[in-house]
Amino acid sequence: MKILSKTDIMRHQQCTTKLALDKRENPRKDRPLDESKHPHIRSHYRSEGGYQIEDIAETMFDGIQRSTLYGVRGLLETQSLVFAKAPSIAQASAQSKGNYARADILAKISQSQVNPELRQYIRENYTSTYGGNHALYEIKSATSIRKDFILDLAFQTHVFESSGYKIGRAYLITVNKDFQRNSDQINPHEFLNVTDVTDKVLEELPNLSERIEQAHLTLNQEDIPLSTIYKQCKHTQPDKICPHISYCPNWTNLDPEKTPIFYLPYLSTKKQDQYAEDNVMYIEDIDPEDKKLTKTQTPVVLAHKQDQPLIKLDKIQEFLGQVDTDLPISFLDFETFTKVIPEIGHKPYQLIPILSSTGVLYPTNHLVRHDFIEISMPSNSRFFAESLIRNIESTGTIFSWFMQFEKQVVKQLIDMNPDLEEDLNSICDRMLDLRDPFSKGYYVDRRFEGLTKLKKVGEVLSQDLSYSGLEVDHGSLVGDKWYEMINSDDIHKRNEIITNLQKYCSMDTTSLVRIYQFLKDLN
DNA sequence: CACACGCCTAGAGGTTGGCG
DNA sequence: CGCCAACCTCTAGGCGTGTG
């Protein structure tokens, strides 16, 4: 019998076919395939944050002991720690009837701390035997409580109860996003929120057995179960299709000339099912008059029906009409750094601007480029704000991509440097979003694949523009590299990283300038 | 006249995409 | 992982029309 973990339950929920195939092709891996295949996308310092949160959370438990072994030996270790009456156990594990669960913390509680409703439910459905009562704690580096966290705890409750432990309460430990760090020491009780979610776990428990049973059926079935294609089939790998797609109905012969329907933006699973029922599998096969289409989707469908890009020239001219071409035009791109455990003076996940790249296009068609990079952890980003004001012109349009992000950063700069408010506000007021013509469907190229991100649009419209040769070629790698740089004593390494980061950021700005000129030349 | 029905609208609530 | 805005979906209620 194959062992089912919490991750498997989640995967089963997402796609039964995927769970079966992942397990068959990679039976020893607990993690889904797509995560291990793309390690470079996963940010190192950010996943490290998760472990650091666990370490901090554990300091709230006196006399805590850590179970370090895996597999059967881990199960025995947990048992012996419980029998030895350890007050709390980190990484406690349990297994029963083919289900395996690992708890972040299993802590002893007294009879009076037990939730009566939960015990009532458990008495009716389980036959737990081992000694005292315990509470389960699940530690998350997130700042809010999500439904899958509850499912996670419900699964743990189920498995621990089935293997004989008595669970009396369930807690979530999350990050308090309003916590401001003021000293070297972090008080875990201020930094973390401990929430009793026993009620919610109790709501989840009755549905759980059915889901576990279904997942076991999937795991132990000889034939791979077939399921409909959902949107996540595109997202399992960035911009790529799920590796298992050929197992799914209607997709056994994927037509490389056509674009699968899940590339349609904002396509709900419900509508996707309706299309699948009508055997409409590709964007090219959709009737542009279809009532199910939304106003963002219609231009994408039209663009796929014709050989040329879809262009609404009057709308583009209207957009460009907002630009005063007698004034200089600025282009702006930021990179930021963010981590869960804040630096002194910061809050968890606060955006810290580390790099700005600017370009100013003068009416003479002359382009002047600047950039600014922080070389150590900034406290109030004063230099960043001042350089920004210096590097872009005090009049004229400022273009950026997805400007809400840049605006958000500038607003934070104002909070930290109120005396610069006037200049910084002027920057916000003059900003225009160069993404608008694309997200609003004024210019849609089928090669965009339904996306409107800067890299995609830039590479399609300006063929010689490619990120692939760069050392730093993905946004989430920037933070890792920068953090490595500020913590390094090796001057050569530091300089190398600085150069690579500047190359990456200026590439984005170059894209902006090219895209603007492309739109202008359409006239 | 009451009631059923469809159409429209506002807005609450949830999801998606893009930035890092 | 967070954030934000745009987007989508669903619902309640207003309104007009049709029907018994």
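Chain naming here is simple, since letters A, B, ... match the order of the sequence lines and numbering starts at 1 in each. Because the structure is a prediction, the values reported are computed rather than measured.
Interatomic distance, A:Leu264 CG to A:Ile286 CD1, rounded to the nearest 0.5 Å: 4.5 Å. A:Gln91 contributes atom CD, which lies 9.0 Å from atom OG of A:Ser93 (distance to the nearest 0.5 angstrom). Considering CD1 of A:Ile341 and CD of A:Glu343, their distance stands at 10.0 Å, rounded to 0.5 Å.
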For this session: Sugar-phosphate atoms are those with a prime plus P, OP1 and OP2; base atoms are the rest. Using that split, label each nucleotide of nucleotides 4-12 of chain C B, S or - for protein heavy atoms under 4.0 Å, 5' to 3'.
Result: BS-SSSS--
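Going from atom CG of A:Leu351 over to atom C1' of C:dC3 covers 7 Å, rounded to whole Å. The nearest whole Å value for the distance from the CZ atom in A:Phe384 to the P atom in B:dG20 is 12 Å. A:Lys291 has its NZ atom 14 Å from the C1' atom of B:dC7, to the nearest Å. Put simply, CG on A:Leu264 is 10 Å from P on B:dG17, counting in whole angstrom units. The CZ atom of A:Phe334 sits 11 Å away from the P atom of B:dG20 (whole-angstrom rounding). One atom, CG of A:Leu332, and another, C1' of B:dC19, lie 13 Å apart when rounded to the nearest Å. Straight-line distance from the CD atom of A:Gln350 to the C1' atom of B:dG20: 14 Å, rounded to whole Å. One atom, CG of A:Asp148, and another, C1' of B:dG14, lie 15 Å apart when rounded to the nearest Å.
Residue-level contact check: A:Asp333 touches the backbone only, with heavy atoms under 4.0 Å from sugar-phosphate atoms and none from bases.
Without hydrogens or angle criteria, A:Gln297 side chain to A:Tyr266 main chain gives a donor-acceptor distance under 3.5 Å.
For A:Arg181, there are no salt bridge (charged side-chain N to carboxylate O under 4.0 Å, His left out) partners, not counting sequence neighbours. For A:Asp436, the salt bridge (charged side-chain N to carboxylate O under 4.0 Å, His left out) partners two or more places apart in sequence, or in a different chain, are A:Lys440.
A:Asp196 and A:Thr198 share a donor-acceptor pair across their side chains, judged by distance under 3.5 Å alone. Between the side chains of A:Asp423 and A:Ser426, no donor-acceptor pair of N or O atoms lies under 3.5 Å.
Picking from C:dC1, B:dG20, B:dG18 the nucleotide with the shortest atom distance to the side chain of A:Thr452 gives B:dG18.
Ring to ring, A:Trp401 and A:Phe331 are not that close: their centroids are 6.0 angstrom or more apart. Residues A:Phe383 and A:Phe372 keep their aromatic ring centres 6.0 Å or farther apart.
Across residues 177-192 of chain A, A:Lys177 each have a non-hydrogen atom less than 4.0 Å from an atom of DNA chain C (numbered order).
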Please report, to 0.1 Å, the donor-acceptor pairs under 3.5 Å made by any side chain of residues 405-414 of chain A, with sequence neighbours excluded.
residue	atom	partner	partner atom	Å
A:Glu406	OE2	A:Phe334	N	3.4

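OP1 or OP2 of C:dG2 has at least one side-chain nitrogen or oxygen of A:Thr143 nearer than 4.0 Å. Of the side-chain N and O atoms in A:Trp401, one or more sit less than 4.0 angstrom from OP1 or OP2 of B:dC19.
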Please list, for nucleotides 8-10 of chain B, all pairs of protein and nucleotide N/O atoms separated by less than 3.5 Å.
none

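In this structure, A:Lys292 is positioned above the aromatic face of A:Tyr275, its NZ or CZ under 6.0 Å from the six-membered ring centre and within 45° of the axis.
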